[in-house]
Amino acid sequence: MSDCPVPKSGVMKIAPYVPGKSQAPVAFETIKLSSNESPLGASPKAIAALEGLGKKLASYPDASSSGLRNALAQVHGLKAGRLIVGAGSDEILHLLAHAYLGAGDEAIISQYGFLMYPIVTLGAGATPVVASDRDYVVDVDAMLGAVTRATKMVFLANPNNPTGTYLNGDELKRLHQGLPKNVLLVVDCAYAEYVTAMDYSVGVDLVEAHENVVMVRTFSKMGLAALRIGWMYGPEKIVDALNRLRDPFNINMAAQLAGEAAVRDIKFTRELNIHNAKWRRWLSAELNGNAIRVLPSQGNFILVLFAQEQGMSARQANEILLNQGIVVREMGAYGLPDALRISIGSGAAMEKVAAILKDQHIK
Ligand SMILES: *Cc1c(COP(=O)(O)O)cnc(C)c1O
């Protein structure tokens with residue numbers, strides 16, 4: 001017998017998630033480009049929706065988040081009964097893993113897939129199985145090739161964080177078609193609001209036609225990261241299972257009020273997409289060159305690969321940026337020590353990043 005409580009074996013295999021740094025070690029103002037937050041702050045309508053919240057603090061929030069779900073259903077053309085809201089999409093991912101994964105089960109994750117997937121998989125006692133990317137793009141054949149009789153779930157971030165690359169609608173369909181019916185395909189579209197590619201699909205048609213596909217979304221990248229709101233569109237049976245498992249009051253009142261207003265603020269969402277597309281294109285073109293490779297991104301960030309032998313390393317570039325008050329994300333935890341992930345921020349921030357890195361590179 002152990003002399004103290006011992007967690008389930010998967011728990012201690014989890015490498016703790018390392019969030020993006022908030023602060024540079026300098027006296028002047030920090031520019032945070034490390035967590036893919038909104039480049040334009042929050043929707044003004046979401047901010048206004050929080051007025052008067054103080055008077056409501058003694059009441060429990062709506063346990064079914066009905067105002068927020070109805071707004072999502074209307075704006076995105078979805079059925080409200082197939083929507084579930086979570087405290088960030090991280091909670092949705094945990095709920096999916098707890099409901100559908102256990103000891104002996106496997107979940108397939110792409111080589112540079114989002115780091116929460118192995119965390120929730122291990123937390124549920126199951127085993128993450130990694131499928132190789134092809135030049136930093138999810139390889140559908142490798143994902144399908146990793147399927148065994150133990151496979152219960154496949155995680156796909158589309159576009160993917162941190163690579164920024166995506167699978168088009170046909171490739172997404174091909175991935176789904178190749179999976180056994182008992183394997184749940186989790187399509188995580190955290191960056192859908194920023195996509196500009198015409199052949200992209202969030203997969204709503206797949207969710208509506210099949211029992212084994214869910215689409216997961218978040219408000220965190222569109223201006224409400226502080227409030228922790230994520231959501232999922234899925235088959236009724238899966239939504240029902242998660243509703244049984246979740247905390248009845250998982251979405252606090254502030255999140256419900258601001259979230260509903262943010263969904264309905266279509267103009268702000270469009271402004272985010274336009275601002276991001278402009279500066280994503282600009283910064284990518286500025287930095288892409290012999291010693292620096294910028295992967296084509298559909299998110300609100302770019303992944304910058306440094307060819308160490310030809311110029312500076314990612315570590316050096318990170319230090320130079322930090323000394324100028326700019327915080328970006330180091331990628332060692334993703335197995336990408338030669339890369340930095342840079343969130344798209346204000347135009348002024350993007351110009352500063354480009355000027356610093358280009359200046360260093362010439363020397
Ligand atoms: C940021 C991110 C999320 C999670 O966001 P929450 O803040 O928990 O809603 C989920 N998936 C991917 C791929 C992300 O990059």
Side-chain angles (χ1 to χ4, degrees), residues 17-22 32-39 42 46 65 68 72 83-97 107-121 123 128 133 136-138 153-167 172 185-195 200 202-203 214-233 242 246-247 250-252 254-256 258-259 262-263 272 276 280 295 297-303 328-329 331 333-334 336 339 341-344:
Y17 186 85
V18 183
K21 289 196 197 82
S22 300
K32 188 182 178 203
L33 302 173
S34 58
S35 296
N36 298 345
E37 290 144 336
S38 157
S65 298
L68 177 50
L72 286 166
L83 285 164
I84 179 168
V85 191
S89 47
D90 289 351
E91 186 192 16
I92 304 269
L93 297 172
H94 268 299
L95 288 170
L96 286 167
I108 298 172
I109 298 166
S110 73
Q111 185 175 3
Y112 301 118
F114 184 45
L115 275 186
M116 278 306 294
Y117 308 150
I119 291 178
V120 302
T121 300
D133 273 16
Y136 303 99
V137 181
V138 171
M153 201 172 284
V154 173
F155 289 103
L156 174 74
N158 200 32
N160 184 51
N161 170 22
T163 54
T165 57
Y166 78 108
L167 293 186
L172 177 63
L185 175 60
V186 179
V187 187
D188 179 352
C189 306
Y191 299 94
E193 282 73 16
Y194 291 105
V195 171
Y200 174 75
V202 288
V214 296
M215 170 183 78
V216 179
R217 304 281 288 268
T218 181
F219 285 69
S220 296
K221 313 296 157 52
M222 53 179 279
L224 296 183
L227 291 176
R228 311 298 304 128
I229 319 168
W231 55 284
M232 186 191 91
Y233 193 56
L242 299 202
R246 72 173 170 90
D247 280 353
N250 60 337
I251 311 301
N252 69 65
Q256 292 190 31
V263 180
L272 274 178
N276 185 72
R280 183 177 68 196
L295 296 181
S297 174
Q298 288 292 315
N300 66 341
F301 58 89
I302 56 173
L303 191 72
V328 301
R329 189 69 157 266
M331 287 285 119
Y334 279 92
L336 292 162
R341 195 192 66 195
I342 305 175
S343 304
I344 301 302

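Positions are given from 1 along the sequence. Just so it is clear, the structure is predicted and the values come from calculations on it, not from any experiment. Just follow the structure's listing: the first ligand is 1, and inside any ligand the first atom is 1.
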Legend entry - Heteroatom proximity flag, Y117 to ligand 1, N/O under 3.5 Å: no
Legend entry - Ring geometry between Y117 and F155 (parallel below 30°, tilted from 30 to 60°, perpendicular above 60°): parallel
Legend entry - Ionic contact status for E193 with R217, cut-off 4.0 Å: yes
Legend entry - Contact with ligand 1 for R228, non-hydrogen, under 4.0 angstrom: yes
Legend entry - G86 backbone acceptor or donor facing E91 side chain under 3.5 Å: no
Legend entry - For N161, the ligand 1 atoms whose distance to one of its heavy atoms is below 4.0 Å: 13 (C), 14 (C), 15 (O)
Inset, instruction - Could you list the atoms of ligand 1 found under 4.0 angstrom from a heavy atom of T218? - result: 5 (O), 6 (P), 7 (O), 9 (O)
Inset, instruction - Determine whether any heavy atom of S89 lies closer than 4.0 Å to an atom of ligand 1. - result: yes
Legend entry - N/O donor-acceptor pair under 3.5 Å between S297 side chain and G299 backbone: yes
Inset, instruction - Can you sort out which atoms of ligand 1 are near Y191, meaning under 4.0 Å from one of its heavy atoms? - result: 1 (C), 14 (C), 15 (O)
Legend entry - N161 versus R341, side-chain donor and acceptor atoms under 3.5 Å: yes
Legend entry - Distance filter under 4.0 Å to D90 heavy atoms, resulting ligand 1 atoms: 4 (C), 8 (O)
Inset, instruction - State whether the side chain of Y194 and the backbone N or O of K221 hold a donor-acceptor pair below 3.5 Å, judged by distance alone. - result: yes
Inset, instruction - Give the numbers and elements of all ligand 1 atoms closer than 4.0 Å to a heavy atom of S220. - result: 6 (P), 7 (O), 9 (O)
Legend entry - Non-hydrogen atom of D188 closer than 4.0 Å to ligand 1: yes
Inset, instruction - For atom 3 (C) of ligand 1, grab the closest protein heavy atom and report residue, atom and distance to one decimal in Å. - result: K221 NZ, 3.5 Å
Inset, instruction - Please check if the side chain of T165 supplies one atom and the backbone of Y136 the other of a donor-acceptor pair under 3.5 Å. - result: yes
